[in-house]
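What you are looking at is a predicted structure, and each value in this text was computed from that prediction instead of being measured.
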Number of protein chains: 2
Amino acid sequence: MERRSGISVWRQIADRIRMAISAGEFDDTGALPGEMALARRFQVNRHTVRSAIAALANEGVLRVEQGRGTFIVRRSRLKYPIGRRTRFTEGLAGQARALEARLKAVQRNPADAEVARALELETGAPVICLETLHYADGIPVSSARNWFDAERFPDIGDLYRELGSVTACLKRLGVADYVRISTRVSAHHAEPELLDELNLSAGAVVLKTEGVNAEMDGRRLEYSVTCFAADRIELDIDHTARQFSN
Amino acid sequence: MERRSGISVWRQIADRIRMAISAGEFDDTGALPGEMALARRFQVNRHTVRSAIAALANEGVLRVEQGRGTFIVRRSRLKYPIGRRTRFTEGLAGQARALEARLKAVQRNPADAEVARALELETGAPVICLETLHYADGIPVSSARNWFDAERFPDIGDLYRELGSVTACLKRLGVADYVRISTRVSAHHAEPELLDELNLSAGAVVLKTEGVNAEMDGRRLEYSVTCFAADRIELDIDHTARQFSN
DNA sequence: ACATATTTGTTCGTATGTATC
DNA sequence: CGATACATACGAACAAATATG
């Protein structure tokens, strides 16, 4: 283990155990090897392994039972589909018992350069920004911001509060159908604010997607930036040119 | 700053500075605020800021000049396009002066469950695995493994050594055209082995893609798992159903 | 050329957290 | 549980390089 790296050894071990779990390494029994075995495997002291396990137990990844052993708490990564016709709400349906969206804030601002480019508006044109948090079975999985042309959708904030879904809002506002034009994906360390919102531990990884949705004639509808808790979700991109189904 | 989190404060600061840079915060002058100003902003000691800056300078993100200040070394994220007709080599062409692929190893193994499912083979069927590292302008950007049906492409390892590109290999082997069926994207902390291969610092983030390519009739050709250095690349997903161009 | 302010570089000391034994 | 070594973080002071007027 590297010292002087700014990451304590117990956290490096915790990350490696987490990856081993998500690689399916202990799937047969659901039990982790003993502390001594793990200490040998990672070439560290048993206490260090214990710190790592304590952190993972605290996150809800592991469950420790005195005298019996340490066990994996089953919670696989949700698969979030992305494709030409992806709808946020539908995407996760069936993978979790309860899906919940919480509207954090609605803002009306002049568009900065990035938002303007994505929506094909002038920089400074008024846009509405919805800030939302999404939960699956009570666990936060993503934090999103959605921008809309304020000229065209001035009251989408109120509507969202009522309907709780972007697709529903757009439908109500006369947008029968739309498609996703592009998606940009990147990965980062979580900012302190996100750590709090998504209930992550320091140094956690977020998957960030920036997407543009447009009507069938190409008119831009929505620009969104979503940060996912990387250890709770993965993106499933479908490249097949599927037939429409409205 | 969270203490006792297993991530040292200087590294948390380094990550936040990195994100501020990639958010374009200091784009006007290219100069960072002074150490004292940063210390105030992040509520830490100047030494802690200095450690963060030293780490970023060591990574090549910043350049420090005594008496003058600290400056951003311009190096934007490469955009790696992913779409139905993505080709690895073409994807980055034009964004870097020199692209290089190094073949680390070629293995012939029985397929594990995951590889078999992706390639639509029986578990245990012989497959060839190419392990490669990719560099842009001498900087490592990704580490990949590509699996092929060993029955169909027994000598693809030697061929790759000669041609240096999967597309070229497949073309030589009589595969005129192929498309990407699906891509799965996830983000993780880098494993120690990857830290070494991609020359990353501890705690670094990797973007992982798992993709399946198939012939036009749906026959599976290739399964690949690629790990990108997240701070050097982003994925650009195109959902438009583009016309073919061979 | 000069004095002064600003910015980075260095060296003390001290306290706390981390990892091993 | 302590004993020990090392890394991390803070604070203060001073040195060296650069910028400004």
Side-chain angles (χ1 to χ4, degrees), chain A residues 1-18 20 32-59 62 64 66-67 70 189 191-192 195 201-204, chain B residues 1-18 20-21 25-74 189-192 195 200-204:
Chain A
M1 282 307 99
E2 276 192 57
R3 265 153 273 245
R4 246 182 277 211
S5 63
I7 316 270
S8 56
V9 178
W10 64 261
R11 176 158 286 283
Q12 296 182 49
I13 302 298
D15 290 335
R16 291 178 66 180
I17 292 175
R18 200 204 316 273
L32 247 62
E35 292 174 353
M36 296 298 273
L38 289 171
R40 266 196 310 279
R41 164 168 170 176
F42 296 121
Q43 298 284 306
V44 294
N45 193 277
R46 174 169 160 264
H47 295 300
T48 310
V49 169
R50 284 178 60 77
S51 297
I53 289 176
L56 292 172
N58 193 46
E59 280 180 47
L62 297 179
V64 183
Q66 186 172 140
T70 306
H189 287 111
E191 290 269 11
L195 290 181
S201 56
Chain B
M1 280 308 100
E2 279 191 57
R3 267 154 272 248
R4 256 181 271 209
S5 62
I7 315 270
S8 56
V9 178
W10 66 261
R11 177 157 288 283
Q12 295 182 50
I13 301 297
D15 291 334
R16 291 179 64 179
I17 292 175
R18 201 206 315 273
I21 291 172
E25 199 165 316
F26 316 113
D27 273 5
D28 353 314
T29 65
L32 248 61
E35 294 172 351
M36 298 295 272
L38 290 171
R40 265 197 312 279
R41 165 167 170 178
F42 296 121
Q43 298 283 307
V44 295
N45 191 275
R46 182 167 82 100
H47 289 299
T48 310
V49 170
R50 283 177 59 74
S51 296
I53 290 175
L56 292 172
N58 193 47
E59 282 180 45
V61 176
L62 298 178
R63 175 177 41 84
V64 184
E65 295 181 34
Q66 180 169 163
R68 300 218 324 127
T70 306
F71 304 91
I72 298 166
V73 176
R74 278 266 152 271
H189 286 112
E191 290 267 13
L195 289 181
L200 298 169
S201 55

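Which of D/dT8, C/dT18, D/dC10 sits closest to the side chain of A/Ser8 comes down to C/dT18. Here C/dT8 is the nucleotide among C/dA19, D/dC10, C/dT8 with the atom lying nearest to any side-chain atom of B/Glu35.
Residue B/Met36 contributes atom CE, which lies 13 Å from atom C1' of D/dC10 at whole-angstrom precision. One atom, NE2 of B/His47, and another, P of C/dC12, lie 13 Å apart when rounded to the nearest Å. Whole-Å rounding puts the B/Ile53 CD1 to C/dT10 P distance at 14 Å.
Residue-level contact check: B/Thr70 touches the backbone only, with heavy atoms under 4.0 Å from sugar-phosphate atoms and none from bases.
The neighbour count for A/Arg50 CZ, taken as heavy atoms of other residues, nucleotides or ligands under 6.0 Å away, does not exceed 12.
Nearest heavy-atom pair across B/Gly60 and B/Val73 is O-CB, 3.5 Å. Across every non-hydrogen atom of A/Ala204 and B/His189, the tightest pair is CA-CE1, 4.4 Å.
Between the side chain of B/Gln12 and the backbone N or O of B/Ile7, at least one donor-acceptor pair lies under 3.5 Å.
In this entry D/dA19 has C/dT4 as its Watson-Crick or G-U wobble partner, both defining distances falling under 3.5 Å.
Remark: A/Asn45 is not in phosphate contact with C/dA19, judged by side-chain N or O atoms under 4.0 Å from OP1 or OP2. Between B/Arg68 and D/dA19 there is a side-chain N or O to OP1 or OP2 distance below 4.0 Å.
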